[in-house]
Amino acid sequence: MNARTHEPTLAPPAHHLNNSHLDALEEETIFILREVAAAFERPALLFSGGKDSLVMLKCAEKAFGAGRIPYPLLMIDTGHNFPEVTDFRDFRAKELGAELIVRSVEDSMARGTVRLAHPGESRNVHQSVTLLEAIEEFRFDALIGGARRDEEKARAKERIFSHRDSFGQWQPKAQRPELWTLFNTRLAPGEHFRVFPISNWTELDVWQYIDREQIGLPSIYYTHKRQVVDRKGLLMPVTELTPPREGEVVQTRDVRFRTVGDITCTAPVESTAATPAEIVIETLAAEVSERGATRMDDKTSDASMEKRKKDGYF
């Protein structure tokens with residue numbers, strides 16, 4: 001109550017996180033997606049059904065229109081993906097009328113081009129082989145991926161248009177300059193590009209965009225109850241592929257996934273966030289990147305991602 005006027009004092013308006021910068025990020029992404037369509041003969045968009053590829057797909061829909069995306073969607077399936085994600089992948093591709101190509105690590109294993117050190121080994125790293133086989137099969141000259149620079153330090157080194165040699169390898173010391181958003185797209189026979197339109201986005205940007213655009217996601221991105229064990233500081237899901245080890249205590253916790261991938265190396269985080277807006281608030285307080293907090297395969301060494309990228313990984 002205001003003592004002088006005897007009128008009620010209004011509470012200050014609730015604070016809303018500014019998201020006006022999303023317009024510039026979206027515009028840049030749409031420009032890059034259109035640039036790929038103009039500069040290459042046989043591009044494809046890597047589409048896992050995860051949040052980053054769904055954001056890219058939304059931008060592609062805005063760039064070209066539903067049912068008019070000028071390149072196919074490509075998924076490299078380890079055979080150990082979360083069913084909620086692959087089901088949503090199929091649903092979204094059908095909804096957009098987009099061509100979906102799926103190539104499996106298990107097919108590479110059958111051909112003998114992928115050999116596991118032991119049956120329980122993660123297949124995640126072996127996606128590189130299957131991806132390079134798909135590039136050769138379809139003669140792709142550009143692959144559009146949803147990697148972001150804030151995810152991991154090796155990805156922070158990479159250009160938006162990332163040149164790959166005839167062996168599919170990335171040479172971090174021989175990258176092409178990208179001044180004034182001018183991209184050098186020249187290719188020699190057998191070479192190709194990896195293109196990362198949301199490279200300049202952050203995890204927070206992605207979730208703000210998902211909230212603003214009301215983008216549908218697989219259910220495991222939001223809070224749900226799941227059996228987990230504490231392993232190397234991560235909450236590993238208890239599944240047929242990842243059973244508890246001797247001495248580990250199985251607990252049922254409220255969790256969500258910040259990123260999704262192969263079940264054998266992807267961990268959820270404890271969370272009760274049930275909406276994009278709630279996840280935005282959680283992300284603001286996060287002190288560890290999503291890969292650092294959730295990916296067992298990045299725990300092997302400080303240079304594990306860079307080595308995989310040099311070998312042809314996304």
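In this text, all values refer to a predicted model and were calculated from it rather than measured experimentally.
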Inset, instruction - Please determine if D77 and R103 form a salt bridge, counting it only when a charged side-chain N lies under 4.0 Å from a carboxylate O. - result: no
Inset, instruction - Measure the spacing between OG1 of T181 and CD1 of I160 and express it to the nearest 0.5 Å. - result: 7.5 Å
Inset, instruction - I would like to know whether L46 and I144 meet side chain to side chain contact (heavy atoms under 4.5 Å, CB included); could you show each step before the answer? - result: CA-CA 6 Å; L46 293 168; I144 307 165; over 6 Å; no
Inset, instruction - Could you tell me whether E191 and R164 have a side-chain N and a carboxylate O separated by less than 4.0 Å? - result: no
Legend entry - Residue Q251 excluded, over 12 heavy atoms near CD under 6.0 Å: yes
Inset, instruction - Could you tell me whether E158 and R149 have a side-chain N and a carboxylate O separated by less than 4.0 Å? - result: no
Inset, instruction - Please confirm whether the backbone N or O of G50 pairs with a side-chain atom of S53, one donor and one acceptor, at under 3.5 Å? - result: yes
Legend entry - Exam field: side chain T266 to backbone I263, donor-acceptor pair closer than 3.5 Å: no
Inset, instruction - With the side chain counted from C-beta on, respond yes when L116 and H126 share a heavy-atom pair under 4.5 Å apart, and no when they do not. - result: yes
Inset, instruction - Please confirm whether the backbone N or O of N124 pairs with a side-chain atom of Q127, one donor and one acceptor, at under 3.5 Å? - result: yes
Inset, instruction - Could you tell me whether R253 and E270 have a side-chain N and a carboxylate O separated by less than 4.0 Å? - result: yes
Legend entry - Side chains of H163 and Q171, donor plus acceptor under 3.5 Å: no
Inset, instruction - Return the minimal non-hydrogen interatomic distance between G49 and L54, and the atom names on each side. - result: O-CD1, 3.4 Å
Legend entry - V195 side chain near L143 side chain, heavy-atom distance below 4.5 Å: no
Inset, instruction - Using only heavy-atom distances, determine whether the side chains of T264 and D262 contain a donor-acceptor pair under 3.5 Å. - result: yes
Legend entry - Nearest atoms (heavy-atom pairs only) where I30 meets C59: CG1-O, 3.7 Å
Legend entry - Ion pair check, R123 and E106, cut-off under 4.0 Å: yes
Legend entry - Sub-4.5 Å side-chain heavy-atom contact between I279 and Y222: yes
Inset, instruction - List the atom of P70, the atom of A37, and the distance in Å for their closest heavy-atom pair. - result: CG-CB, 3.9 Å
Legend entry - Single-linkage hydrophobic cluster, 4.5 Å side-chain cutoff, L284 and I210 together: yes
Inset, instruction - Could you tell me whether E213 and K62 make a salt bridge, using a distance below 4.0 angstrom between a side-chain N and a carboxylate O? - result: yes
Inset, instruction - Please check if the side chain of Q227 supplies one atom and the backbone of P237 the other of a donor-acceptor pair under 3.5 Å. - result: no
Legend entry - Closest non-hydrogen atom pair between D230 and G233, with its separation: OD1-N, 3.6 Å
Legend entry - Check: E35 side chain, F31 main-chain N or O, donor-acceptor pair, under 3.5 Å: no
Legend entry - Any side-chain heavy-atom pair of Y209 and L25 under 4.5 Å: no
Inset, instruction - Please lay out, stage by stage, how D52 and W201 fare under the test side chain to side chain contact (heavy atoms under 4.5 Å, CB included). - result: CA-CA 10 Å; D52 297 313; W201 298 48; over 6 Å; no
Legend entry - K51 NZ to I198 CD1 distance, which is reported to the nearest 0.5 Å: 8.0 Å
Legend entry - Distance (rounded to the nearest 0.5 Å) between D90 CG and L73 CG: 10.5 Å
Legend entry - Atom pair CZ/CZ of R42 and R139 - distance to nearest 0.5 Å: 4.0 Å
Legend entry - Heavy-atom donor-acceptor pair, N184 side chain to R186 backbone, under 3.5 Å: yes
Inset, instruction - Classify the side-chain pair D254/T272 by whether it contains a donor and acceptor separated by less than 3.5 Å. - result: no
Inset, instruction - For residues W207 and E282, determine if any side-chain heavy atom of one lies less than 4.5 Å from a side-chain heavy atom of the other. - result: no
Inset, instruction - Compare every heavy atom of A44 with every heavy atom of F140, then report the nearest pair and how far apart it is. - result: CE2-CB, 3.6 Å
Inset, instruction - Report the C-alpha distance between N200 and T29 in whole Å, list the side-chain angles of each, state the deciding distance to 0.1 Å, and finish with yes or no for side chain to side chain contact (heavy atoms under 4.5 Å, CB included). - result: CA-CA 9 Å; N200 291 327; T29 298; over 6 Å; no
Legend entry - H224 NE2 to I220 CD1 distance, which is reported to the nearest 0.5 Å: 6.5 Å
Legend entry - Polar side-chain atom of E248 near backbone of V228 as donor-acceptor pair, under 3.5 Å: no
Legend entry - Distance-only polar pair, side chains of E133 and T113, donor-acceptor under 3.5 Å: yes
Inset, instruction - Look at atom CD of E137 and say whether more than 12 heavy atoms of other residues, nucleotides or ligands are closer to it than 6.0 Å. - result: yes
Inset, instruction - Could you give me the CA-CA distance, side-chain angles and deciding distance for H80 and V105, then say whether side chain to side chain contact (heavy atoms under 4.5 Å, CB included) is met? - result: CA-CA 10 Å; H80 289 168; V105 173; over 6 Å; no
Legend entry - Flag if over 12 foreign heavy atoms under 6.0 Å of CZ, R68: no
Inset, instruction - Salt-bridge test for E203 and R148: reply yes if a basic N is under 4.0 Å from a carboxylate O, no otherwise. - result: no
Legend entry - Nearest-0.5 Å distance that lies between atom OH in Y71 and atom CD1 in I69: 7.5 Å
Inset, instruction - Please examine the side chains of S162 and F193, heavy atoms only from C-beta on, and report whether any two atoms are closer than 4.5 Å. - result: no
Inset, instruction - Only one of V102, L131, L45, L100 passes side chain to side chain contact (heavy atoms under 4.5 Å, CB included) with L74; say which it is. - result: L131
Legend entry - Flag for D205-H21: side-chain donor and acceptor within less than 3.5 Å: yes
Legend entry - Parallel, tilted or perpendicular: rings of F183 and F161 (30°, 60°): parallel
Legend entry - Under-4.0 Å salt bridge between E26 and R212: yes
Inset, instruction - Decide salt bridge (charged side-chain N to carboxylate O under 4.0 Å, His left out) for E151 and R258; before the verdict, give the C-alpha distance in whole Å, the side-chain angles of both, and the deciding distance to 0.1 Å. - result: CA-CA 11 Å; E151 290 182 90; R258 287 175 69 182; over 6 Å; no
Inset, instruction - Please test S271 against R256 for side-chain hydrogen bond (donor to acceptor under 3.5 Å, both in side chains), starting from the C-alpha separation and ending with a verdict. - result: CA-CA 6 Å; S271 173; R256 67 175 179 88; 3.2 Å; yes
Legend entry - Atom of G168, atom of R194 and distance for their closest heavy-atom approach: O-NH2, 4.1 Å
Legend entry - Side-chain donor or acceptor of D141 paired with backbone N/O of H192 under 3.5 Å: no
Legend entry - Heavy atoms from other residues, nucleotides or ligands near CD of E27 exceed 12 (cutoff 6.0 Å): no
Inset, instruction - Run the salt-bridge test on E84 and R89 with the 4.0 Å N-O cut-off and return the result as yes or no. - result: no
Legend entry - is_close_aromatic(F82, F257), centroid dist under 6.0 Å: yes
